[in-house]
Amino acid sequence: MMSLKTFFVLAILMASAITLISATPSQEEEEEEAAATSLRGTSRFLAQTSQKSVRVVKTCDKYPSVCLAKGSAGPHCCQKKCVNLTTDRLNCGRCGKKCSYSKICCQGKCVSPMSNENHCGSCGNKCKKGSSCVYGMCSYA
Ligand SMILES: *[C@@H]1O[C@H](CO)[C@@H](O)[C@H](O)[C@H]1NC(C)=O
């Protein structure tokens, strides 16, 4: 009879085998192709590289560095998406921290731009001393 432990070990092995099967072929293929192309010439190599960029999708959960690339929405990774935790209303300060609908995310905190004296109307818009934030505008009444 199979013990529960053996079963789990087998299950894990199966899972990793499936992951390997689904993940490696393209990589192996690329390496083989790269090796082959160096013999065959540059034009095919160029065709390969452009094809490769379309085929391989690198998600930030596996490749955190993609969020640091140019054009990324932000340097942090939440649920396979690049975000900027400083300003993302759906991931404000940490992944999954949502700001309620009337609030915005400034420096990783949910604030009300209608009344916040440090973020009046928009992030970083500080009202001068003695003025208060009313409906998103610094008021000097
Ligand atoms: C994140 O957002 C803040 C505020 O807009 C900005 O200053 C900062 O450069 C952003 N970070 C990145 C890496 O995009």
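Start at 1 and go down the list; that is how both ligands and their atoms are numbered.
When hydrogens are left out, the protein atom nearest atom 1 (C) of ligand 1 is N84 ND2, 1.4 Å; that is the closest non-hydrogen contact.
Between C105 and C110, the gamma sulfurs sit at a distance of 2.5 angstrom or greater. Sulfur-to-sulfur, C133 and C127 sit at least 2.5 Å apart at their SG atoms. The SG atoms of C67 and C60 do not sit under 2.5 Å apart.
N125 places a side-chain N or O within donor-acceptor distance of the main-chain N or O of C120, the cut-off being under 3.5 Å.
In this structure, atom 7 (O) of ligand 1 has no protein heavy-atom contact shorter than 4.0 Å. Within the 4.0 angstrom cut-off, atom 14 (O) of ligand 1 has one or more protein heavy-atom neighbours.
By the 4.5 Å heavy-atom criterion applied to side chains, V111 and I104 are counted as neighbours.
Residue P75 approaches ligand 1 through these ligand atoms, each under 4.0 Å from one of its heavy atoms: 12 (C), 13 (C). Within ligand 1, counting atoms from 1 as listed, the ones closer than 4.0 Å to a heavy atom of T87 are 2 (O), 4 (C), 5 (O).
Residue T86 has no N or O atom closer than 3.5 Å to an N or O atom of ligand 1.
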